[in-house]
Each structure stands twice: as C-alpha cells, then as structure tokens.
Amino acid sequence: MKKLIFAIFLACLALSLAQGGQEYGDGLKAVSRGEWANAVQYFTAACYNYNDNEAGSCKELGVIYEYGKGGAGPQRVKKNDALSKQAYAQCCKKSGGLMRECCKKVGK
C-alpha cells in the first residue's frame, strides 16, 4: 500500500513539473520571437500557478517588468517596479535563497 501511494505521489509530482517546465519553455520561445506580452503570460503561469520550483520563470518575469520590453508595439510590457519586485521575491522564495540575483533585488 505504501508503494502504491508513493508511486501516485511521484506521478503527480512529475505531471506538475512537466506543466511548469512547459510554460517556462513557451515563455523563452515567446521572448526569442519578441512576443513580450505572451512571455509574461507564460512566465506568470509557471511562477504563480504551479507548486513546483519554477524560480526561473519568476526571474524572467522580474526582468521583463524591471526594464519594460517590447518598445511601442502591441507586445509592449511597461516597466512596473511593483510587479518586478513581486516576481523577484517569488523567485527568491521558490529557490530557497539560492538564486542570489533575485534575492538581492528584494534586499534579502
């Protein structure tokens, strides 16, 4: 019985990791195409909607909001210090403090 419960747990964990990883990968593809607003959607989903350790998505989201990306086109993402700090804080939290660049941005 313990082995069955453990197997179910591992299957659920793998599914969760695959979903978060997919969003991160899609976000990176959107960035490479200059689709900043789409990238924000993917990174936000991976950063905040999954229970896995998707600190990379949080970092990417923080960078996009810290600098603002996309010029004046429809894919423009305006600079937003509050959202940037929120994403960096989530990055620091999800990485357990290991992503120092995120932690420094929020004074930790």
Side-chain angles (χ1 to χ4, degrees):
M1 183 64 159
K2 288 182 181 179
K3 289 182 181 180
L4 177 62
I5 293 172
F6 185 67
I8 292 170
F9 169 76
L10 288 179
C12 291
L13 180 62
L15 179 61
S16 174
L17 290 174
Q19 289 175 333
Q22 179 66 39
E23 296 287 346
Y24 178 71
D26 289 343
L28 291 178
K29 288 177 190 174
V31 165
S32 71
R33 294 187 300 259
E35 298 171 355
W36 297 102
N38 293 341
V40 165
Q41 289 178 338
Y42 291 124
F43 291 141
T44 299
C47 180
Y48 296 107
N49 296 339
Y50 297 110
N51 292 326
D52 64 337
N53 190 15
E54 195 56 57
S57 289
C58 300
K59 178 185 174 204
E60 295 297 331
L61 189 59
V63 169
I64 291 171
Y65 279 127
E66 180 178 10
Y67 298 104
K69 300 286 185 174
Q75 284 289 317
R76 179 180 184 205
V77 176
K78 291 182 181 181
K79 180 178 176 177
N80 187 319
D81 292 332
L83 290 176
S84 176
K85 287 188 187 241
Q86 184 180 6
Y88 284 133
Q90 187 76 350
C91 170
C92 184
K93 176 182 170 186
K94 284 193 169 206
S95 72
L98 296 177
M99 292 188 80
R100 295 248 185 246
E101 60 273 17
C102 293
C103 298
K104 286 180 183 178
K105 298 282 185 177
V106 293
K108 293 183 180 185

Do NZ/NE/NH1/NH2 and the carboxylate oxygens of Glu101 and Lys59 come within less than 4.0 Å?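 A salt bridge is present here (some side-chain N lies under 4.0 Å from a carboxylate O).
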Between the side chains of Lys105 and Glu66, is the shortest nitrogen-to-carboxylate-oxygen separation below 4.0 Å, so that they form an ion pair?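 Yes, charged N to carboxylate O under 4.0 Å.
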Does [Y] offer a backbone N or O that forms a donor-acceptor pair with the side chain of [X] under 3.5 Å?
{"X": "Ser84", "Y": "Asp81", "answer": "no"}
{"X": "Gln75", "Y": "Asn38", "answer": "yes"}
{"X": "Glu54", "Y": "Cys47", "answer": "no"}
{"X": "Ser95", "Y": "Cys92", "answer": "yes"}

[Y] and [X], any side-chain heavy atoms less than 4.5 Å apart:
{"X": "Tyr48", "Y": "Lys94", "value": "no"}
{"X": "Asp26", "Y": "Lys29", "value": "yes"}
{"X": "Ser57", "Y": "Glu23", "value": "no"}
{"X": "Lys79", "Y": "Tyr67", "value": "no"}

I'd like to know if the two cysteines, Cys91 and Cys103, have SG atoms within less than 2.5 Å.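 A disulfide is absent here, as the SG pair of Cys103 and Cys91 is separated by 2.5 Å or more.
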Using 0.5 Å steps for rounding, measure from the NZ atom of Lys78 to the OH atom of Tyr65.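 Between atom NZ of Lys78 and atom OH of Tyr65 there are 12.0 Å.
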Is it true that the side chains of Gln22 and Tyr42 contain a donor and an acceptor less than 3.5 Å apart?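 Looking only at side-chain atoms, Tyr42 and Gln22 do not form any donor-acceptor pair under 3.5 Å.
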Per the side-chain contact (heavy atoms from CB on, under 4.5 Å) rule, which among Met99, Arg100, Lys104 passes with Cys102?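 Of Met99, Arg100, Lys104, side-chain contact (heavy atoms from CB on, under 4.5 Å) with Cys102 is met by Met99 alone.
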